[in-house]
S.K.: 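Sharing a structure here in structure tokens format.
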Amino acid sequence: MSKLAIYPGSFDPLTLGHMDVIERAARLFDRVVVSVGVNSSKKPLLTPEQRAQAIRASVTGLKNVEVDTFQGLLAKYAEGMGASAIVRGLRATADFEYEFQMATVNRKLSSSIETVFLMTKWEHSYLSSTIVKEIAVLGGDYSSLVPEPVARIIEKALETA
């Protein structure tokens, strides 16, 4: 039986820290679905379609990684996909409290799905999509913080904004 993991997030935009987690999850699981969550309460830089496109372009070398979008409860989405695990990245202890709470709620909603935490490499521990987005919107150089395909998509999005 193949082990499927869901790596959910807004990925607005995908960072090198996210890529680190994706690459390591791809070594641990038979299949990984990077799932772009649509959160109507956030003001995104990129549309869900642009985010999915950016991720697909960034994971082309990872044959067991797919990209999808979802709305609604993560636990129900993961269950419907037949996942055995939800992968979450942690940068620092500040992330843990929120992630612990979400993992506990997801376990309550679907006890068959485990949450697996992967620490990002220390060199990416300061990175967040929010920081990259702010640098991009304010005209700074974000190219060393995201995969090259993501930088191109951000550039196009900023030109049309």
Side-chain angles (χ1 to χ4, degrees), residues 1-40 42 44-133 145-151 153-154:
M1 180 164 107
S2 110
K3 293 284 186 185
L4 167 64
I6 304 293
Y7 180 32
S10 61
F11 305 110
D12 185 38
L14 181 79
T15 69
L16 293 178
H18 293 131
M19 280 302 301
D20 175 48
V21 171
I22 292 168
E23 290 165 355
R24 289 190 294 126
R27 290 193 301 265
L28 294 172
F29 294 94
D30 299 318
R31 284 179 54 219
V32 176
V33 177
V34 180
S35 300
V36 176
V38 179
N39 184 340
S40 59
K42 289 187 175 182
L45 172 65
L46 303 173
T47 67
E49 295 77 25
Q50 288 172 314
R51 289 179 261 161
Q53 176 189 4
I55 297 166
R56 278 189 196 97
S58 299
V59 300
T60 55
L62 301 171
K63 300 303 177 205
N64 63 333
V65 176
E66 305 162 32
V67 181
D68 193 17
T69 60
F70 79 99
Q71 278 187 290
L73 291 172
L74 171 60
K76 296 302 174 192
Y77 167 75
E79 203 171 61
M81 293 288 288
S84 60
I86 295 169
V87 172
R88 297 299 295 159
L90 295 175
R91 292 170 295 187
T93 56
D95 288 343
F96 182 76
E97 189 172 329
Y98 171 78
E99 293 297 346
F100 176 79
Q101 183 179 25
M102 295 309 297
T104 304
V105 168
N106 286 330
R107 170 166 249 164
K108 179 76 172 159
L109 294 172
S110 182
S111 62
S112 64
I113 300 173
E114 295 293 336
T115 299
V116 176
F117 297 109
L118 296 176
M119 297 295 298
T120 59
K121 290 180 183 173
W122 70 269
E123 59 264 29
H124 303 308
S125 64
Y126 67 94
L127 271 179
S128 72
S129 293
T130 302
I131 288 171
V132 173
K133 194 174 357 183
L145 308 175
V146 298
E148 195 271 326
V150 176
I153 289 171
I154 292 171

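Numbers here simply count residues along the sequence, with the first being 1. Here the structure is a predicted model, which is why all the values come from computation and not from measurement.
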S.K.: The test is side chain to side chain contact (heavy atoms under 4.5 Å, CB included); show your working for Thr47 and Gln50 and say whether it passes.
M.R.: CA-CA 5 Å; Thr47 67; Gln50 288 172 314; 3.2 Å; yes

S.K.: Given Asn106 and Ile86, is the side chain to side chain contact (heavy atoms under 4.5 Å, CB included) satisfied, shown in steps?
M.R.: CA-CA 9 Å; Asn106 286 330; Ile86 295 169; 4.0 Å; yes

S.K.: When rounded to the nearest 0.5 angstrom, what distance separates CG in Leu90 from CG in Asp95?
M.R.: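 Separation between the atoms: 6.0 Å.
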
S.K.: Does the side chain of Thr15 reach to within under 4.5 Å of the side chain of Ser129, using non-hydrogen atoms?
M.R.: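 Yes, at least one pair of side-chain atoms sits under 4.5 Å.
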
S.K.: Identify the two heavy atoms, one from Ala75 and one from Ile113, that lie closest to each other, and give their separation to 0.1 Å.
M.R.: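 Distance-wise, the nearest heavy atoms are O-CD1, 3.9 Å.
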
S.K.: State, yes or no, whether a side-chain contact exists between Pro147 and Leu14 at a heavy-atom distance under 4.5 Å.
M.R.: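 They are in side-chain contact.
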
S.K.: Counting only heavy atoms from other residues, nucleotides and ligands, does the tally under 6.0 Å from OH of Tyr126 exceed 12?
M.R.: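 More than 12 heavy atoms, drawn from other residues, nucleotides or ligands, come within 6.0 Å of this atom.
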
S.K.: Carefully, step by step, assess Ser84 and Leu4 under the rule side chain to side chain contact (heavy atoms under 4.5 Å, CB included).
M.R.: CA-CA 6 Å; Ser84 60; Leu4 167 64; 5.5 Å; no

S.K.: What are the two closest heavy atoms between Tyr7 and His18, and how far apart are they?
M.R.: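 Where Tyr7 meets His18 most closely, the heavy atoms are OH-CD2, 3.3 Å.
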
S.K.: Would you say the side chain of Arg31 lies within less than 4.5 Å of the side chain of Val33, judging by non-hydrogen atoms?
M.R.: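 A side-chain contact exists here, since the closest heavy-atom pair is under 4.5 Å.
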
S.K.: Should Arg56 and Glu66 count as an ion pair when the cut-off is N to O under 4.0 Å?
M.R.: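 Salt bridge: no.
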
S.K.: Among Ile6, Thr69, Ile55, which one satisfies side-chain contact (heavy atoms from CB on, under 4.5 Å) with Val34?
M.R.: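 Per the side-chain contact (heavy atoms from CB on, under 4.5 Å) rule, the option paired with Val34 is Ile55, out of Ile6, Thr69, Ile55.
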
S.K.: Between Ala57 and Thr60, which heavy-atom pair has the shortest distance, and what is it?
M.R.: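 For Ala57 versus Thr60, the nearest heavy atoms are O-CG2, 3.7 Å.
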
S.K.: Would one find more than 12 heavy atoms of other residues, nucleotides or ligands at under 6.0 Å from atom CD of Glu148?
M.R.: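 More than 12 heavy atoms, drawn from other residues, nucleotides or ligands, come within 6.0 Å of this atom.
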
S.K.: How long is the gap from CE on Met81 to CG on Asp68, to the nearest 0.5 Å?
M.R.: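 These two atoms lie 5.0 Å from each other.
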
S.K.: Which word best sums up how the rings of Tyr77 and Phe70 line up, parallel for under 30°, tilted for 30 to 60°, or perpendicular for over 60°?
M.R.: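 Plane angle under 30°, so parallel.
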
S.K.: Minimum heavy-atom separation for Glu79 to Leu109, with atom names?
M.R.: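 It is OE2-O, 4.5 Å.
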
S.K.: Identify the heavy atoms of Gly17 and Leu127 that sit nearest to each other, and give their distance.
M.R.: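 Shortest heavy-atom contact: N-CD1, 3.9 Å.
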
S.K.: What's the separation between atom CG in Asp30 and atom NZ in Lys3, rounded to the nearest 0.5 Å?
M.R.: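 NZ of Lys3 is found 8.5 Å from CG of Asp30.
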
S.K.: Below 3.5 Å, can you tabulate the donor-acceptor pairs from side chains in residues 19-29 to any protein atom, sequence neighbours excluded?
M.R.:
{"from": "Asp20", "atom 1": "OD1", "to": "Arg24", "atom 2": "NE", "distance (Å)": "3.3"}
{"from": "Asp20", "atom 1": "OD2", "to": "Arg24", "atom 2": "NH2", "distance (Å)": "3.2"}
{"from": "Asp20", "atom 1": "OD2", "to": "Lys121", "atom 2": "N", "distance (Å)": "2.9"}
{"from": "Arg24", "atom 1": "NH1", "to": "Met119", "atom 2": "O", "distance (Å)": "3.4"}
{"from": "Arg24", "atom 1": "NH2", "to": "Met119", "atom 2": "O", "distance (Å)": "2.1"}

S.K.: What's the spacing between Arg88 CZ and Phe100 CZ if we round to 0.5 Å?
M.R.: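 Rounded to the nearest 0.5 Å, the CZ-CZ separation comes to 15.0 Å.
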
S.K.: At their closest point, which heavy atom of Pro13 faces which heavy atom of Val146, and how far apart are they?
M.R.: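 In this case the closest contact between Pro13 and Val146 is CG-CG1, 4.4 Å.
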
S.K.: Between atom CZ of Phe96 and atom CZ of Phe117, what is the distance when rounded to the nearest 0.5 Å?
M.R.: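 Reported to 0.5 Å precision, the distance equals 5.5 Å.
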
S.K.: Rounded to the nearest 0.5 Å, how far does CG of Leu46 lie from CZ of Arg51?
M.R.: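 Rounded to the nearest 0.5 Å, the CZ-CG separation comes out at 6.5 Å.
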
